[in-house]
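Right, one structure below, let's go through it.
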Amino acid sequence: MERMADKQKILIVDDSEMNRSILADMLGEEYEILEAENGSEGVAMLNKYNTEISLVLLDIVMPVMDGFGVLTMMNKYRWINEIPVIMISAERGSSHVERAFELGITDFISRPFDALIVHRRVVNTILLYAKQKKLTAMVAEQIYEKEQRSSLMIDILSHIVEFRNGESGLHVRHVHTITELLLTVLVQRTDRYHLSQTDISVISTASALHDIGKIAIPEEILNKPGRFTKEEFEIMKTHSMVGAEMLKGLPIYQDEPLVKAAYEICRWHHERWDGRGYPDGLKGDEIPISAQMVALADVYDALTSERVYKPAFSHSQAVQMILNGECGTFNPLLMDCLRDCADDIPQELGNDTAERRNQREMQNVARELHKHEELTASERTLELLEHERMKYSFFASLTKETQFEYTLNPPCLMLNSWGAEKLGLPEIIMDPYQDAQVQAIMVASERDSLADALHSTTPGSPVVQYDCKLTLAGEERWHRIVARASWSSEEPPRYSGCIGKAIDVHNSRIQMENLERQASHDALTGLVNRDYAKKRIIERLQDRPGGRYALAILDLDYFKSANDTYGHMFGDEVLKFLADRIRHSIRGGDIAARVGGDEFLIFLEYKDELESTIEGVYSRVSGGVYQDFAISVSMGVASTDIVEAEYDALFRCADQALYVVKKSGNKGHYAYYQKEHGAMGQAISAVSPIDGSEAGEEAACEEE
């Protein structure tokens with residue numbers, strides 16, 4: 001008999017002694033069972049035995065501390081990284097399950113549970129985690145050596161790049177560390193940039209190449225102790241393009257993520273959020289997030305390092321100078337990240353040893369060890385099966401499909417968790433033909449017809465599509481069942497069951513409509529987006545040629561001040577307010593769209609005087625107040641009386657008219673493009689007219 005000390009430990013945390021007893025009976029022969037009757041006792045057990053516990057079976061609803069409290073403590077002390085947790089509970093609400101998975105559980109089993117299922121999932125989970133730990137130990141030394149070599153190459157590169165301009169050699173390493181820290185904080189604050197852990201590693205590593213273009217800068221400029229002349233500064237500015245061209249000229253590796261990130265960083269790490277950087281004058285999120293982060297890290301380290309032309313500033317001085325905008329304008333979100341981690345930067349730079357860096361990389365790689373090629377076939381099969389189960393469960397929840405598997409012998413119906421919840425059934429149903437809940441959902445005649453269709457398939461043509469009504473919560477709803485029959489490999493082949501899915505046809509139609517709306521409408525304002533507006537305008541011009549049409553582009557005046565004064569959430573509300581005014585200012589057949597940012601588009605057909613039509617629209621849109629912010633718009637108009645009845649020509653000319661209004665400084669006006677004047681004709685305004693002579697030649701819009 002296996003000694004107790006040799007058995008792996010499983011901790012059962014459940015306030016029901018009966019549940020603990022049932023689980024202990026299921027697993028006690030193979031595992032040593034530890035029991036806790038509430039979450040607090042469970043945490044105490046984890047603290048005492050955490051390195052010895054192989055698995056936790058955890059209930060949700062318990063006194064003193066519930067299951068979520070246990071998971072919170074396991075995350076706090078990072079036990080969740082080493083100890084898998086299977087949640088076993090009668091609480092099957094989606095919010096409970098989602099929260100549990102967010103807190104790190106490995107699997108979820110609903111009560112009442114089946115002994116075979118519990119045992120199989122427990123064994124699979126323990127095997128997977130044991131294999132991961134084994135592989136971590138097996139390749140740790142290889143990873144350490146690999147990362148040590150990579151770190152050495154970065155250090156050598158740092159020395160080569162910085163040797164010529166007399167810097168310490170630590171600048172590249174510091175930029176790498178600060179970039180990684182800032183990116184880590186960024187992904188904790190927002191998913192706006194969709195950065196994975198791999199992306200963070202690639203960008204941080206690529207940051208080492210941000211100044212390679214300085215190799216081409218003359219030494220007398222690099223090491224000049226005083227301020228650059230205008231000519232010298234222009235030469236220094238070329239290093240960003242030189243570095244980018246060096247990477248672009250590589251004969252190989254152009255598709256590698258590291259090379260792509262390095263190119264972005266080299267070329268654009270001197271761009272600034274307000275468009276005042278170089279070499280391309282990009283602004284806002286036109287600048288890749290990789291270049292934005294390296295730019296911030298580069299400025300910080302330059303401020304805190306001694307240079308031939310300046311002494312070093314203190315950490316607090318450098319942070320304050322950046323936040324005050326003394327070093328150029330940065331993404332406000334990045335400024336928030338800097339505030340969040342400012343106190344950690346000196347410590348991270350001080351502790352940035354090779355061992356610490358390799359340790360971080362090893363933790364990242366360890367997450368992927370289950371894919372290692374040295375897995376045996378049987379172990380790999382177990383892992384792939386578990387991965388497929390999780391994958392299909394996840395996709396089923398997204399697509400809102402009921403997925404099922406039916407075995408003929410023994411008669412057993414297994415449902416995915418989303419489908420079981422929707423149907424109000426357990427995930428596993430033994431002998432479903434005799435089950436009263438199944439009979440209430442699908443009448444006997446429909447079940448028999450579906451079974452006959454599956455039995456009538458062949459191994460070469462095993463798929464069945466069957467439409468029927470299912471009764472859910474007392475309501476009959478049409479569903480489409482798509483199933484694939486399973487046939488044995490013996491001769492002659494024998495029908496053994498099926499796998500399939502049931503699709504709520506009514507819900508699928510609604511989902512499709514929602515997806516189509518998302519593709520054609522602006523998420524913030526509800527107006528159609530630019531691409532969809534263009535499509536509709538082109539169709540209108542083709543379907544009804546010869547009509548008199550006008551296209552107007554509107555720009556919200558002083559919008560930047562709204563964001564700067566009240567914040568971006570207020571700015572969003574202003575845009576929605578303006579969109580609503582636009583929506584109520586046009587007729588049913590007109591088209592209104594958000595072009596992007598604070599620019600909007602109106603396309604309309606007119607029969608009589610264009611001026612009165614536009615003046616009416618303009619007066620209804622402009623004016624008014626959202627809270628304390630006065631609504632004022634500038635607008636440029638182009639009509640088919642003057643411009644070719646073609647979308648691109650109308651848009652370009654309306655944009656030129658808007659440009660003249662904005663450039664004149666007379667915000668709150670609108671103007672028409674008029675071809676025969678070679679420039680803007682007389683501009684009409686609800687406030688005061690713009691003299692057509694002020695428009696100048698800039699507004700000329702030549703026909704294609």
Side-chain angles (χ1 to χ4, degrees), residues 522 525 527-530 533-534 536-538 540-541 548-560 575 578-579 581-583 585-586 590-606 609-623 631-704:
D522 174 58
T525 64
L527 297 177
V528 298
N529 57 38
R530 178 174 178 172
K534 178 178 179 179
R536 286 186 56 190
I537 292 170
I538 291 173
R540 181 78 60 83
L541 293 171
R548 302 176 71 195
Y549 300 99
L551 188 149
I553 300 178
L554 295 77
D555 183 282
L556 179 59
D557 299 326
Y558 314 110
F559 180 61
K560 184 177 185 301
L575 293 175
L578 176 59
R581 290 178 71 91
I582 294 172
R583 189 181 292 109
S585 300
I586 61 176
D590 299 337
I591 298 170
R594 184 184 180 196
V595 176
D598 59 342
E599 287 192 346
F600 296 82
L601 173 153
I602 294 175
F603 179 81
L604 52 84
E605 184 176 7
Y606 64 96
E609 291 296 324
L610 173 62
E611 288 78 3
S612 60
T613 302
I614 290 296
E615 187 172 359
V617 171
Y618 184 85
S619 63
R620 291 190 293 271
V621 172
S622 193
I631 301 299
S632 168
V633 300
S634 298
M635 184 165 71
V637 184
S639 73
T640 53
D641 286 346
I642 307 298
V643 180
E644 180 185 355
E646 193 268 331
Y647 172 82
D648 289 335
L650 284 167
F651 188 93
R652 185 171 61 253
C653 293
D655 191 47
Q656 287 287 347
L658 174 62
Y659 171 77
V660 172
V661 175
K662 301 292 283 188
K663 187 175 182 182
S664 70
N666 294 319
K667 296 183 178 180
H669 296 68
Y670 61 92
Y672 299 91
Y673 169 75
Q674 293 190 3
K675 175 184 174 184
E676 60 266 34
H677 288 275
M680 295 298 303
Q682 183 182 11
I684 310 300
S685 170
V687 180
S688 60
I690 304 171
D691 185 355
S693 64
E694 294 179 359
E697 294 298 324
E698 294 94 342
C701 181
E702 297 178 1
E703 291 184 299
E704 293 180 340

Judged by atom type as modelled, is there a donor-acceptor pair below 3.5 Å linking the side chain of [X] to the main-chain atoms of [Y]?
| X | Y | answer |
| --- | --- | --- |
| Arg581 | Arg620 | yes |
| Glu609 | Ser612 | no |
| Tyr618 | Val633 | yes |
| Arg583 | Ile586 | no |

Where [X] and [Y] come nearest, the two heavy atoms and their spacing:
| X | Y | result |
| --- | --- | --- |
| Leu527 | Ala579 | CD1-CB, 3.7 Å |
| Asn529 | Ala593 | O-CB, 3.9 Å |
| Leu554 | Ile582 | CD2-CD1, 4.4 Å |
| Ala645 | Leu541 | O-CD1, 3.9 Å |
| Leu556 | Phe559 | CD2-CD1, 3.5 Å |
| Val661 | Ala671 | CG2-CB, 3.6 Å |

If we only count heavy atoms from C-beta on, is the [X] to [Y] side-chain gap below 4.5 Å?
| X | Y | result |
| --- | --- | --- |
| Leu658 | Glu599 | yes |
| Val621 | Phe600 | no |
| Ser622 | Tyr670 | no |
| Ile614 | Tyr606 | no |

Going by the angle between their ring planes, with limits at 30° and 60°, are Phe603 and Tyr549 parallel, tilted or perpendicular?
-> parallel
Taking the six-membered ring of Phe651, is NZ or CZ of Arg530 closer than 6.0 Å to its centre and within 45° of its axis?
->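 Judged by the rule, Arg530 and Phe651 form a cation-pi pair.
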Classify the side-chain pair Asp557/Ser634 by whether it contains a donor and acceptor separated by less than 3.5 Å.
->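 Yes, a side-chain donor-acceptor pair sits under 3.5 Å.
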